[in-house]
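Below is one structure, written out as structure tokens, with a few remarks after it.
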Amino acid sequence: MENNTETCPVAPQPVPALLRFDNSYARLPDRFYARLHPTPVQHPRLIKLNRSLAETLGLDLARLDDATAAAIFSGNLLPPGAEPIAMAYAGHQFGHLVPQLGDGRAILLGEVIGADHKRWDLHLKGSGQTPFSRRGDGRAALGPVMREYLISDAMHALGIPTTRSLAIVASGEPVYRETVLPGAILTRVAASHIRIGTFQYFALHDDTEGLKTLADYAIDRHYPEIKAALNPYSALLERVLEAQAVLVARWMQVGFIHGVMNTDNMTISGETIDYGPCAFIDSYDPDKVFSSIDTYGRYAFGNQPHIAQWNLARLAECLLPLLDDEQERALAKAQDIIGRYPDRYAWHWLDGMRRKLGLFTAQDQDQALINALLALMHRHQADYTNTFRALCDKVEKLGAQGILPDTPDFVTWLAQWQARLAQEAISPAQRAQVMRQVNPAYIPRNHRVEQALQAAIEQQDFSRFEELLEVLSRPYDEQLQWREYRLPPKPEECVQRTFCGT
């Protein structure tokens, strides 16, 4: 961990060429963004640098001292090749259309061609006001920045498509929310920051030329194999639909609640983005809501698949002029594609849930078996993560007393499950091994996350944050020395509400 109590000195000049930039989005027409520099901060201090991600990006760590890192990742110093812009987009927020949102507190520094030869967005969050700030201060507080770093890192370790966090820099300046909080800047890395809301921005402005330019760019960047399709824009909608079906199914399989599934928080690439009031469920409850701003439960855990389809329908509306010159045919094409979502999501969800239960083949009764288990977990308030992990032990007859419900209805379900397993000629050890590769032992439990953030904010103690990062980097391993991190919260530790931090 890169953490010290001294103010970073001024970064040395000149700045070495630490990254290979190629800024394709900044070459799009000017109406796609606003060109501006981040607003400097007074006393930038490097809190955390993700060194493995830095190596993926081709960042020359040998030439990057803490002072230079703090200056670059605070926005105080632009690395050679960067072309900072604030991206324009719109969006539906909790179902209400906002025709212009944009990067109100973020700036895209540019695109980096990494050591893996892939193109990555390098994005500062909390970097000051932009033309899209809508009276906001453009800043971020340390707590939400640390939360995004922590949970995005955990999601990556879980194997779920996600934006990632490269660095946390303390700004040395306060931010004013309900209370005065320490400020920070997050450096986020993504396949791109193109959102459904980006398409909405051009559709709402009746800018068909801009819409086509954006669609062509998205295809070139994310789905180049569909350029030769009979209608590349129909194919684009299909690919985004598939990517979101995969993503949301994975969320549901690990008990993740995004919390703000607005259309400006859904990427075309299919990565999880914007970790605001996100959380993981402890006891299974499809109606569970943590977000303090989700008053009516629009983005409740069990509602996420339906919201994804709703959001995709908004993307389809934007693409209508590109699907067909004749409106009725365009609408029919869009409805046909969006209508496939429930089956695609259900397939990915069921496939993953079968693997969680150790099923290697598909049978018609599997859906009912899985639904029965979820109903029992809900009835008995069973812990979602620990129940599935305990079933891995149950396969090998290692015992799971104290975790699985000891009730007649659950004993009956276990007998049905074991009878289903007996229909497959797979050894218990092999089955359990595969199950442990998809059923995590460790998730970012909300009370552990809050404890780590409070220690950092209130005592400048980052040790809990570092420890939790270490545990979550290997979520499928037993890690016996960290078994307390598997425990659900005590009643007094339960987190009932999470906050977006904006």
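The residues of the chain are indexed from 1 along the displayed sequence. Because the structure is predicted, anything quoted here is derived from the model rather than measured.
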Is it true that Asp216 and Tyr233 share a donor-acceptor pair across their side chains at a distance under 3.5 Å? yes
Trp417 six-ring centre to Arg420 NZ/CZ under 6.0 Å and within 45° of normal: no
Do the side-chain N and O atoms of Ser52 and Asn50 include a donor-acceptor pair separated by under 3.5 angstrom? yes
Can you check whether Lys490's main-chain N or O pairs, donor with acceptor, with Glu493's side chain at less than 3.5 Å? yes
Could you tell me whether Glu478 and Arg486 have a side-chain N and a carboxylate O separated by less than 4.0 Å? yes
Do the numbers put Arg436 on top of the ring of Tyr476, so that NZ or CZ is under 6.0 Å from the six-membered ring centre and no more than 45° off the axis? no
Are Arg188 and Asp121 ion-paired here, with the side-chain N under 4.0 Å from a carboxylate O? no
Backbone N or O of Gln479 within a donor-acceptor pair of the Arg483 side chain at under 3.5 Å? no
Main-chain N/O of Val438 paired to Arg355 side chain as donor or acceptor, under 3.5 Å: no
ring-ring contact (aromatic ring centres under 6.0 Å, His included) with Phe280: of Phe256, Tyr275, Trp251, Tyr442, only one passes, and it is Phe256
Partner residues of Arg239 under the side chain to side chain contact (heavy atoms under 4.5 Å, CB included) criterion, sequence neighbours left out: Tyr223, Glu225, Ile226
Hey, is Arg431 close enough to Glu396 for a salt bridge, meaning N to O under 4.0 Å? no
Is any side-chain heavy atom of Val495 less than 4.5 Å from a side-chain heavy atom of Val449? no
Under-4.0 Å salt bridge between Glu111 and Arg221: yes
Taking atom CG as the centre, does Asp406 end up with more than 12 heavy-atom neighbours from other residues, nucleotides or ligands that are less than 6.0 angstrom away? no
Cation over ring, Lys356 on Phe388, under 6.0 Å and within 45°? yes
With a 4.0 Å cut-off, would you call Lys288 and Asp285 a salt bridge? no
So how far is it from Thr385 OG1 to Ile443 CD1, rounded to the nearest 0.5 Å? 3.5 Å
Do Ser152 and Ser165 pair up side chain to side chain, a donor and an acceptor below 3.5 Å, judged on atom types alone? yes
Verdict with supporting geometry, Tyr299 and Phe94, ring pair (Phe, Tyr, Trp, His ring centres under 6.0 Å): CA-CA 8 Å; Tyr299 300 140; Phe94 290 88; 4.9 Å; yes
With no hydrogens and no angle check, just 3.5 Å: does a side-chain donor-acceptor pair link Asp274 and His258? no
Under 3.5 Å, is there a donor-acceptor pair between the side chain of Trp482 and the main chain of Leu468? no
Return yes if some donor-acceptor pair links the side-chain N/O of Arg147 with the main-chain N/O of Glu450 below 3.5 Å, else return no. no
So, are Arg464 and Glu467 salt-bridged, with charged N and O less than 4.0 Å apart? no
Side chain Asn262, main chain Asn265, donor-acceptor under 3.5 Å: no
Are the charged groups of Arg389 and Asp393 less than 4.0 angstrom apart, N to O? no
Using modelled atom types and a 3.5 Å cut-off, is there a donor and acceptor pairing between side-chain atoms of Asp294 and backbone atoms of Arg298? yes
Basic-acidic side-chain contact under 4.0 Å: Arg354, Asp351: no
Does the side chain of Gln423 come under 3.5 Å of the side chain of Gln363 through a donor N or O and an acceptor N or O? yes
Residue pairs meeting salt bridge (Lys or Arg N to Asp or Glu O under 4.0 Å), one or both in residues 243-271, sequence neighbours left out, come to none
Counting distance only, does the side-chain N/O of Asp116 pair as donor-acceptor with the main-chain N or O of Leu57 below 3.5 Å? no
Is there a donor-acceptor contact under 3.5 Å from the side chain of Asp282 to the main chain of Asp383? no
Thr272 backbone acceptor or donor facing Thr163 side chain under 3.5 Å: yes
